[in-house]
2 protein chains.
Amino acid sequence: MAEEFNEIIAVLKAQHIRPTKIREEILNLFFDVNHALSHSDIFLKLKNKFDRVTIYRTLEMFGNKGLIHKIVDNSGVTKYASHGHGGCDVNFKHHKTNHIHFKCKQCGNIYCLCSIEVPKVDVPAGYEMQVLNLSAEGICKICSS
Amino acid sequence: MAEEFNEIIAVLKAQHIRPTKIREEILNLFFDVNHALSHSDIFLKLKNKFDRVTIYRTLEMFGNKGLIHKIVDNSGVTKYASHGHGGCDVNFKHHKTNHIHFKCKQCGNIYCLCSIEVPKVDVPAGYEMQVLNLSAEGICKICSS
DNA sequence: CATCAATTGCAACACTGTTGCAAAACAAAC
DNA sequence: GTTTGTTTTGCAACAGTGTTGCAATTGATG
Ligand SMILES: [Mn+2]
Ligand SMILES: [Mn+2]
Ligand SMILES: [Zn+2]
Ligand SMILES: [Zn+2]
């Protein structure tokens, strides 16, 4: 619980989300870490307290309200990262624009690298590119030190 | 069946894969298209002829033998693309090196763009990048014409 | 043909994600 | 504070994907 109870509630209210127990606790989990969390991460950390369906619905809602974003890593695992606080490799309050995701091969964590630019890429004639997603793999700051 | 029966068998034998019925038919499907196929694509095209588990095992084996590679798109769907023949946007016989995948928002197909370079990206200090995966989204050559 | 190894199909299972519905919690009005 | 209507939650059920174990089949080899 690194964050103040009241700050969590304030963030929820700012997005017109009713601050219920499960919502406070899930948002608190995101604010406590600087990497992405999977549904099962969250389910385990809140062991037995809430139904898994409610967690799915909460995550979907947080996504719609812009509090978190969904990340599918290249092994197919879905995770979610907070937009505020610890979700980023630097202390940006928001990193809602397109950015690179870094997956550590050692600890498995996914970090949002919002401080580096997404490069431009030209696609072959005939293709019309709208979005470019980048994901890196390697060893994270913590595991390499 | 764009390809010769004998060519399929030759490719299988070259990788020391016994040319059984299901293997010939699956490899033939890959050689017939220039985009990636999902397990269920394959299962449906070979309707009722083979067990789904055998298809999974065949795909895994083709992957290990270097005939196809696995692609997880950013919505979490797993597909497989052939290394030879039509799997690529240009007629490379092999494109086993790292390359960009393009997903068409209209038809849903995934194409391997092996003719364009994967850019270099610098990650923040402390991170050690080993692989960089790129996936583009937009409108494919066919759907935009 | 007999033998042994590889391949296949089937049953069962785990995991992820979704939907419908009824109970509970909550906010607003009386 | 009680009634009323809306949101939220939990539960049951289900679909899709992928994996494993095992027995039956197929195929290669002598
Ligand atoms: Mn991110
Ligand atoms: Mn490819
Ligand atoms: Zn790590
Ligand atoms: Zn298309």
Side-chain angles (χ1 to χ4, degrees), chain A residues 8-9 11-29 36-65 67-81 103 108 110, chain B residues 5 8-29 36-65 67-81 103 108 110:
Chain A
I8 302 280
I9 293 180
V11 172
L12 290 172
K13 282 187 176 167
Q15 307 296 330
H16 310 103
I17 299 168
R18 257 200 226 167
T20 61
K21 204 101 214 265
I22 186 174
R23 291 169 180 176
E24 290 171 29
E25 296 208 26
I26 291 181
L27 191 55
N28 195 44
L29 288 183
L37 298 172
S38 68
H39 172 274
S40 81
D41 290 337
I42 295 166
F43 184 64
L44 292 175
K45 290 201 191 202
L46 302 179
K47 207 154 191 163
N48 291 329
K49 287 210 273 186
F50 305 102
D51 189 78
R52 23 176 251 110
V53 175
T54 310
I55 295 176
Y56 275 115
R57 292 199 260 233
T58 302
L59 291 170
E60 200 200 342
M61 212 222 44
F62 280 6
N64 291 337
K65 296 286 187 173
L67 291 180
I68 61 176
H69 61 287
K70 194 192 276 206
I71 307 161
V72 178
D73 82 14
N74 58 355
S75 67
V77 179
T78 298
K79 301 197 177 188
Y80 305 83
K103 181 185 182 181
I110 292 182
Chain B
F5 180 73
I8 302 281
I9 293 180
V11 172
L12 290 173
K13 282 186 175 166
Q15 307 296 330
H16 310 104
I17 299 168
R18 261 200 222 166
T20 61
K21 205 104 216 264
I22 186 175
R23 291 167 179 177
E24 290 170 31
E25 296 209 27
I26 291 182
L27 191 55
N28 195 43
L29 287 183
L37 299 172
S38 67
H39 172 273
S40 82
D41 290 337
I42 294 166
F43 184 63
L44 292 174
K45 290 201 190 199
L46 303 179
K47 208 154 189 162
N48 291 330
K49 286 209 273 186
F50 305 102
D51 188 79
R52 19 174 256 111
V53 175
T54 310
I55 296 176
Y56 275 116
R57 292 200 260 234
T58 302
L59 291 170
E60 201 200 341
M61 210 222 45
F62 280 6
N64 291 336
K65 296 286 188 174
L67 291 180
I68 62 176
H69 62 287
K70 193 191 276 207
I71 307 161
V72 178
D73 81 14
N74 58 356
S75 67
V77 179
T78 298
K79 302 198 176 187
Y80 305 83
K103 181 185 181 180
I110 291 182

Taking the side chain as every heavy atom from C-beta outward, state whether [X] and [Y] have any pair of such atoms under 4.5 Å apart.
X	Y	answer
A/T78	A/I71	no
B/T58	B/E60	no
A/M61	A/I17	yes

How many Å lie between [atom1] on [X] and [atom2] on [N], as a whole number?
X	N	atom1	atom2	value
A/N48	D/dC11	CG	C1'	15 Å
B/D73	D/dT17	CG	P	12 Å
B/K70	D/dG18	NZ	P	7 Å
A/R23	C/dC26	CZ	C1'	11 Å
A/Y56	C/dT16	OH	P	6 Å
B/K79	D/dG16	NZ	C1'	15 Å
B/I22	D/dT25	CD1	P	18 Å
B/M61	D/dT19	CE	P	15 Å

**Asked** When you match B/V53 and B/I17 each to their closest nucleotide on DNA chain C, which lands nearer the 5' end?
**Response**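 Per heavy-atom nearest nucleotide, the more 5' residue is B/I17.
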
**Message:** Would you compute the distance between atom NE2 of A/H69 and atom OH of A/Y80 and round it to the nearest 0.5 angstrom?
**Reply:**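 That separation rounds to 12.0 Å.
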
**Asked** Hey, does the side-chain of B/R52 have a donor or acceptor N/O within less than 3.5 Å of a partner on the base of C/dG9?
**Response**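 Side chain to base: no pair present.
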
**Message:** Considering every strand and a 4.0 Å limit on heavy-atom distances, what is the contact class for A/R18: base, sugar-phosphate, or nothing?
**Reply:**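 Here A/R18 touches the backbone only, sparing every base.
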
**Request:** Could you tell me whether A/K21 contacts a base, only the sugar-phosphate backbone, or nothing, with contacts defined as non-hydrogen atoms closer than 4.0 Å?
**Result:**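 It contacts nothing in the nucleic acid.
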
**Message:** What's the closest nucleotide to the side chain of A/R57 if the choices are D/dT17, C/dC21, D/dT20?
**Reply:**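 For A/R57, the side-chain atoms sit closest to C/dC21.
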
**Request:** Between C/dG9, C/dG17, D/dT9, spot the one nearest the side chain of B/D51, thanks.
**Result:**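 Of the options given, the side chain of B/D51 lies nearest C/dG9.
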
**Prompt:** Does a side-chain N or O from A/T20 land closer than 4.0 Å to OP1 or OP2 of D/dT9, or not?
**Reply:**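 True: A/T20 side-chain N/O within range (under 4.0 Å) of D/dT9 OP1/OP2.
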
**Prompt:** Which sits closer to the 5' end of DNA chain D, A/I55 or B/H39, going by the nucleotide each is nearest to?
**Reply:**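 Counting from the 5' end, the first nearest nucleotide belongs to A/I55.
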
**Message:** To check you understand the geometry: which heavy-atom pair defines the closest contact between B/D51 and B/V53, and what is its length?
**Reply:**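 What the structure gives for the nearest pair is OD2-N, 2.9 Å.
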
